[in-house]
Amino acid sequence: MSRAHAEEFGEQTGSELELRLPADADQLFLVRAMVTAIATQNDFDLDTIADLRLAVDEAATRLVRAALPEALLRCRVQVHDREFVFSGSTSAGSDEAVGGLDQGFGWHVLRTLTDEVSAHHAPDPEDGSRLILTIDFTRRAEGTPG
Amino acid sequence: MSRHSGPDSDEYSDVNVRFEVLAAMTPDDPARATVRAEIVERCLPLAEHIARRFTGRGEPHEDLVQVARVGLVNAVNRFDPERGTEFVSFAVPTVMGEVRRHFRDAGWALRVPRRTKELHVAIGKVTGVLSQQLGRSPTPTEIASELGVSRADVNEALLAGNAYQTTSVDAPGTERPGAPPLAESVGNLDSAFDTIDNREALRPLVAALPERERTVLMLRFFGNLTQTQIAEQVGVSQMHVSRILARTLASLRAAMDESG
């Protein structure tokens, strides 16, 4: 897709959008809706939009399952040079929750749907008994040079 | 169905004869499958006819035909001639039920304006054509320029169409015996799953999926085909492939939880 098109339709290159919501499976449609709307607005091809929906679903589901009750899910999205960048994070109680984050069929699904995906955990600076879990992924639009 | 309108019972009266042949066979007769397949093939126009009645309500015609055919296969499998009804009288509501279920799964909210639904169908149509031309799926801008409508309208229709997944968290229908066989085999599950660390739990769940769901899943996640390529191979729209994948992944996730 040409740069002219992207500019004409208000591509949000560079600007980052963030959504904070309860880390609850019932809320995930909001994350999906945000990702779909942003990818559509930025003129990604339909295959990539559909894959992004599946990817964000998988990533957010993994985080929600590891999250403490009452935790928030924080999702940040940025589009940059035809690349969609997603970062989701939540807080978990212990190392146990970290274990399966980058394993299993779901992780294989995420790797297939994205160009790069990684999972991290770090101590919560505000509460030493907690961990911040993060899943980041990027996905380029189809037909753009990688 | 007591009225004989639309697809005529008389037009399919020979089908009842074939069901009598089927009923006379022993349950383990290998020829049963052949007779069943003949009946399905003979009644394909019936599925087509019913699909046409639902066309223009927001779903691509070719998807409706596929769904109606699944309904037809179910009807053939479930029909009991002993009950004294004609096959067509039994099949029509069964096939219509399957198509209605598809609309329910698709989650078309009643409030979506008719114009938006129609545009969604139009998008489905040109998406196939443009994918052929471009060698990849089109962008909203390419769709808008092909249809001669605004980007805003295309965005709206795409987002409305994508709202389906908010309602499709329930498990897929697994009661689909004898879904139409797909030409392409998806290869050996065992070797495909080698890299997955919970493959022991996964294997039986994938093996139990209806054939089309399994094929679509395997082609996307082990064959590394794009959704557009899978759509072409399986003979449905990319939108339908997307829906099948979302549904199948959700059901696998739920099933893995149960199996621990």
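Each chain gets a letter, A, B and so on, in the order the sequences are listed, and its residues count up from 1.
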Participant: If I measure from the heavy atoms of chain A, does Ser131(B) come under 4.5 Å with its side chain, its backbone, both, or neither?
Facilitator: neither
Participant: Can you give me the closest heavy-atom contact between Gln238(B) and Leu46(A), atom names plus distance?
Facilitator: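 Nearest heavy atoms, Gln238(B) then Leu46(A): NE2-O, 3.7 Å.
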Participant: Over all heavy atoms of both residues, which pair between Thr40(A) and Arg151(B) is shortest? Give the atoms and the distance, please.
Facilitator: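 Scanning both residues, the minimum pair turns out to be O-NH2, 2.8 Å.
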Participant: Nearest 0.5 Å, what's the CZ-CZ distance between Arg65(A) and Arg253(B)?
Facilitator: 7.0 Å
Participant: Counting only heavy atoms from other residues, nucleotides and ligands, does the tally under 6.0 Å from CD of Glu126(A) exceed 12?
Facilitator: no
Participant: Under a 3.5 Å threshold, yes or no: a donor from one side chain and an acceptor from the other, between Ser137(B) and Asp45(A)?
Facilitator: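 Checked: Ser137(B)/Asp45(A) side chains pair up, N/O donor to acceptor below 3.5 Å.
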Participant: Tell me whether Asp43(A) contacts the main-chain N or O of Thr141(B) through its side chain, where contact means a donor paired with an acceptor under 3.5 Å.
Facilitator: yes
Participant: Supply the atom-to-atom distance Thr139(B) OG1 to Arg82(A) CZ, rounded to the nearest 0.5 angstrom.
Facilitator: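 Thr139(B) atom OG1 to Arg82(A) atom CZ measures 8.0 Å (nearest 0.5 Å).
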Participant: Heavy-atom count check: over 12 atoms from other residues, nucleotides or ligands less than 6.0 Å from Glu116(A) CD?
Facilitator: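 Incorrect, the count does not exceed 12.
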Participant: Taking C-beta and beyond as the side chain, do Asp57(A) and Leu249(B) meet within less than 4.5 Å on heavy atoms?
Facilitator: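 The answer is no; the side chains never approach within 4.5 Å.
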Participant: Give, as side chain, backbone, both or neither, the part of Asn224(B) having an atom under 4.5 angstrom from any heavy atom of chain A.
Facilitator: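 Side chain only.
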Participant: Could you grab the distance from atom CD of Gln41(A) to atom CG of Leu158(B), nearest 0.5 Å is fine?
Facilitator: 11.5 Å
Participant: Quick one: CD on Glu142(A) to OG1 on Thr228(B), what's the gap to the nearest 0.5 Å?
Facilitator: 8.0 Å
Participant: Relative to chain B, which of Thr36(A), Ile49(A), Thr48(A) shows the most heavy atom pairs under 4.5 Å?
Facilitator: Thr36(A)
Participant: Could you tell me whether the side chain of Asp47(A) reaches within less than 4.5 Å of the side chain of Arg136(B), counting heavy atoms only?
Facilitator: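 SC-SC contact between Arg136(B) and Asp47(A) ruled out.
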Participant: Pick one of side chain, backbone, both or neither for Leu252(B), based on which atoms fall under 4.5 Å of a heavy atom in chain A.
Facilitator: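 Side chain only.
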Participant: Working note: Asp51(A) + Arg220(B), criterion side chain to side chain contact (heavy atoms under 4.5 Å, CB included); need CA distance, chi angles, decisive distance, verdict.
Facilitator: CA-CA 10 Å; Asp51(A) 278 354; Arg220(B) 182 67 193 91; 2.6 Å; yes
Participant: Let me know if Leu28(A) has heavy atoms under 4.5 Å from chain B in its side chain, its backbone, both or neither.
Facilitator: neither
Participant: Going by the angle between their ring planes, with limits at 30° and 60°, are Phe221(B) and Phe105(A) parallel, tilted or perpendicular?
Facilitator: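 Perpendicular: the ring planes of Phe221(B) and Phe105(A) meet at over 60°.
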